[in-house]
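Every heavy atom of this structure was used, including side-chain atoms; hydrogens, water molecules and symmetry mates were not.
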Amino acid sequence: MQAVDTQTLYELQILSRSAKEGSMLHFFDQTKTQGGQDALKRMISRPKASLEEIISSQQLLKFVSTHVDLWQLPVSRAYIAAVENYYASNISYTMSQDVFKHWVDTLLYSWRNPGEFYLVRSGLTALLLLIRGMRELINRFEDIVIPDELTDDFAFLRKFLFSGSMESFLKTKDERISLTSVFYRDYYFRVSHKNAFRRLLDVCYTFDAYRSIALTKQLRHLSFPEFTERHSVFEASKIWHPLISNAVPNNFTSDEKTALCLLTGANTSGKTTFLKTCGLTVYLAHLGWPVPACILRLSFSDKLFTSIHLSDNLELGYSHFYNEIMRIKSIAEALHAGDKCFVIIDELFRGTNQEDAFHCSKTVLDGFRNYPGSSFLVSTHLYELMEKYRDSDSVSFRCFKTKITGHDFENTFQIEEGIASERIGQLILKKVGIPELLNEVV
């Protein structure tokens, strides 16, 4: 899958616009380090470009999930932060490649700037703790076959962490690091082996992110999806939205014969939540990550598009309707270019009047039907569209029903075949007391 735009990332809540909003990044974040959290964010922002990459990612994460307890690093977050600060420190008393000059400059600096030199010494102490912790982690896998996706990192760690120099460094108690030892070790890590030092931290963060994904899979009972070579397949059993408490799971199936699905339902019935659930599940699957479903089989998609929370663009002077048009144009261009797309649209052309919306929607939906290799989930309140496509073999109908009893209603949040015709706008209006406030009877 190609990289998705920021609109889709935010509409599906893969990422959040603010710290107050929930997101899939936060959902999967079980990291123990800031660097691990940053690595997790990079991973979740980059869907895999090919099915081969997806399968490779799945294999890696399945391995981590199988041995999730072995990935626990016995080093506190504070110590790892101290190591990162030590690496990035601008305390540059000397970076000479000449070891003797480095020794002299460091000695003079320690006399003149004891406070800052203490930061160097404490950073080295934290680094040695990290090295011990990473050595312990690597040793846990001594008798376990490592998947190909991890062999380079493990080979680097074994070479770097178990070198003769490292064995020498670890013989001395951390609290007894002499001034001479600080000179030599600081030169080793921040000069002669600076690139290896950086990679050690990066691998540590990457492992933290992998463990975070695997731990979330275990804690939230996620499953790895299966990709099929057939086009436009999406078969989900007990799919649920992970950011909603007590979310109701649903089953849903579409294929190449009915690649266009029209979704109906009253306000608050669950349509938008379901569309988001399908979208984020497709996205996670194309990361090679586990998904919130009991079973998921789907086709590989080149692109994922959503149109759920479009708004007016006041800076550019674009109306809601014009933004809808431009979004549809992007989808049409991708389809015309031959991309296999997964398209999710909530309330097609809601930004114009009903007559205009019907004709525009019909034009777009007729066009979508020309691309059975892609999948389209479209919700609408335009019941005229239902009549137009009711007898079509290439269109399926799903709905969320609402039970109305007197002046009250109850949503089932269960997707069904068919078309929902319930209208509860007036009931909601009365329920929140607006007629009384305005002294009107609706």
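One finds the CG atom of Asn323 at 9.0 Å from the OG atom of Ser307 (value rounded to the nearest 0.5 Å). The structure places CG of Leu129 at 8.0 Å from OG of Ser76, a figure rounded to the nearest 0.5 Å. We find the SG-CG distance between Cys341 and Leu304 to be 9.0 Å, quoted to the nearest 0.5 Å. Ile345 CD1 to Leu263 CG: the interatomic distance, rounded to the nearest 0.5 Å, is 12.5 Å. Interatomic distance, CG of Leu385 versus OG of Ser361, reported as 5.0 Å (0.5 Å rounding). The CD atom of Glu256 sits 9.0 Å away from atom OG of Ser375, with the distance rounded to the nearest 0.5 Å.
Not counting sequence neighbours, the partners of Asp5 by the salt bridge (Lys or Arg N to Asp or Glu O under 4.0 Å) test are Arg327. Applying the side chain to side chain donor-acceptor pair (under 3.5 Å) rule to Glu136 yields the partners Arg140; only residues at least two apart in sequence or on another chain are considered. For His359, the side chain to side chain donor-acceptor pair (under 3.5 Å) test picks out no residue, with sequence neighbours left out. Applying the side chain to side chain donor-acceptor pair (under 3.5 Å) criterion to Asp408, with sequence neighbours excluded, gives Lys431. Every residue two or more places apart in sequence or in another chain that forms a side chain to side chain donor-acceptor pair (under 3.5 Å) with Ser394 is listed here: Arg369, Ser392.
Listed by first and then second residue, the salt bridge (charged side-chain N to carboxylate O under 4.0 Å, His left out) pairs involving residues 372-400 are Glu387-Arg390 (not counting sequence neighbours). Counting only residues at least two apart or in different chains, salt bridge (charged side-chain N to carboxylate O under 4.0 Å, His left out) contacts with residues 48-65 are absent. The side-chain hydrogen bond (donor to acceptor under 3.5 Å, both in side chains) analysis of residues 219-236, with sequence neighbours excluded, yields the pairs Glu235-Arg297. The stretch residues 262-280 participates, sequence neighbours left out, in these side-chain hydrogen bond (donor to acceptor under 3.5 Å, both in side chains) pairs: Thr268-Asn411, Thr272-Asp346, Lys276-His309. Applying the side-chain hydrogen bond (donor to acceptor under 3.5 Å, both in side chains) test to pairs two or more places apart or on separate chains, those with a residue in residues 19-38 are Asp29-Thr31, Asp29-Gln37, Thr33-Asp208, Gln34-Gln37, Gln34-Asp38.
A tilted orientation is assigned to the rings of Phe169 and Phe189, their planes being inclined by 30° to 60°. In this structure, Phe227 and His286 have perpendicular ring planes: the angle between them is above 60°, well past the 30° mark. Note: Phe321 and Phe349 have tilted aromatic rings, judged against thresholds of 30 and 60 degrees for the angle between ring planes.
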Sequence neighbours excluded and cut-off under 3.5 Å, please list the side-chain donor-acceptor pairs for residues 197-207, or say none.
{"residue": "Arg198", "atom": "NE", "partner": "Asp202", "partner atom": "OD1", "Å": "3.2"}
{"residue": "Arg198", "atom": "NH1", "partner": "Glu84", "partner atom": "OE2", "Å": "3.0"}
{"residue": "Arg198", "atom": "NH2", "partner": "Glu84", "partner atom": "OE1", "Å": "3.1"}
{"residue": "Arg198", "atom": "NH2", "partner": "Asp202", "partner atom": "OD1", "Å": "3.1"}
{"residue": "Arg199", "atom": "NH2", "partner": "Asp153", "partner atom": "OD1", "Å": "3.2"}
{"residue": "Tyr205", "atom": "OH", "partner": "Glu84", "partner atom": "OE1", "Å": "2.7"}
{"residue": "Thr206", "atom": "OG1", "partner": "Asp202", "partner atom": "O", "Å": "2.9"}

Pairs under 3.5 angstrom only: tabulate donor-acceptor contacts from the side chains of residues 67-75 to other protein residues two or more places apart or in another chain.
{"residue": "His67", "atom": "ND1", "partner": "Phe63", "partner atom": "O", "Å": "3.1"}
{"residue": "Gln72", "atom": "OE1", "partner": "Arg211", "partner atom": "NE", "Å": "3.4"}
{"residue": "Gln72", "atom": "OE1", "partner": "Arg211", "partner atom": "NH2", "Å": "2.5"}

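In this structure, Glu333 places its CD atom where more than 12 heavy-atom neighbours from other residues, nucleotides or ligands lie under 6.0 Å away.
Judged by distance alone, the side chain of Gln218 and the main-chain N or O of Ile213 form no donor-acceptor pair under 3.5 Å. At least one donor-acceptor pair under 3.5 Å links the side chain of Ser65 to the backbone N or O of Leu61. The main-chain N or O of Lys401 is never found under 3.5 Å from a side-chain atom of Glu416 such that the two would form a donor-acceptor pair. For Ser57 (side chain) and Leu287 (main-chain N/O), a donor-acceptor pair under 3.5 Å exists by modelled atom type. Between the side chain of Tyr389 and the main chain of Ser396, no donor-acceptor pair closer than 3.5 Å is present. In terms of modelled atom types and a separation under 3.5 Å, the side chain of Asn250 and the main chain of Ile415 share a donor-acceptor contact.
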Assess whether side-chain contact (heavy atoms from CB on, under 4.5 Å) is satisfied between Thr405 and Glu410, documenting all intermediate values. CA-CA 8 Å; Thr405 54; Glu410 180 183 357; over 6 Å; no
Where do Phe376 and Cys261 land on the side-chain contact (heavy atoms from CB on, under 4.5 Å) test, with the steps shown first? CA-CA 6 Å; Phe376 307 91; Cys261 176; over 6 Å; no
Go through the steps to decide whether Phe274 and Phe252 satisfy the test ring-ring contact (aromatic ring centres under 6.0 Å, His included), and finish with yes or no. CA-CA 10 Å; Phe274 178 76; Phe252 178 72; 5.4 Å; yes
Determine, step by step, whether Val4 and Leu9 satisfy the side-chain contact (heavy atoms from CB on, under 4.5 Å) criterion, reporting the C-alpha distance in whole Å, the side-chain angles of both residues, the deciding distance to 0.1 Å, and the verdict. CA-CA 7 Å; Val4 302; Leu9 287 176; 3.5 Å; yes
Decide side-chain contact (heavy atoms from CB on, under 4.5 Å) for Phe234 and Leu296; before the verdict, give the C-alpha distance in whole Å, the side-chain angles of both, and the deciding distance to 0.1 Å. CA-CA 7 Å; Phe234 186 84; Leu296 176 65; 3.7 Å; yes
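Using a 4.5 Å heavy-atom threshold, the side chains of Leu128 and Leu170 count as touching. For the pair Phe358 and Gln354, the minimum side-chain heavy-atom distance is 4.5 Å or more. Using a 4.5 Å heavy-atom threshold, the side chains of Gln414 and Phe400 count as separate. In this structure, the side chains of Leu275 and Val378 stay at 4.5 Å or more apart for every pair of heavy atoms. Within the 4.5 Å cutoff, side-chain heavy atoms of Thr258 are placed close to those of Asp255. Contact annotation: the side chain of Gln59 never approaches that of Pro147 to less than 4.5 Å [non-hydrogen atoms, C-beta and beyond]. Considering only heavy atoms from C-beta on, Leu40 comes within 4.5 Å of Leu25 through its side chain. Counting only heavy atoms from C-beta outward, the side chains of Val248 and Trp240 never approach each other to under 4.5 Å.
Taking the charged nitrogens against the carboxylate oxygens, Arg135 and Glu167 do have a contact shorter than 4.0 Å, which makes a salt bridge. Under a 4.0 Å N-O distance rule, the pair Asp339/Lys303 qualifies as a salt bridge.
Of all heavy-atom pairs between Ser374 and Ala259, the closest is O-CB, 3.0 Å. Nearest approach of Ser45 to Leu15, heavy atoms of both residues: OG-CD1, 4.0 Å. Of all non-hydrogen atoms in Leu280 and Pro292, the two that sit nearest each other are CD1-CG, 4.1 Å.
Taking the six-membered ring for Trp, Phe342 and Tyr283 have ring centres at least 6.0 Å apart.
Results of the ring pair (Phe, Tyr, Trp, His ring centres under 6.0 Å) test with Trp289 over Phe27, Phe28, Tyr210 single out Phe28 as the only residue that passes.
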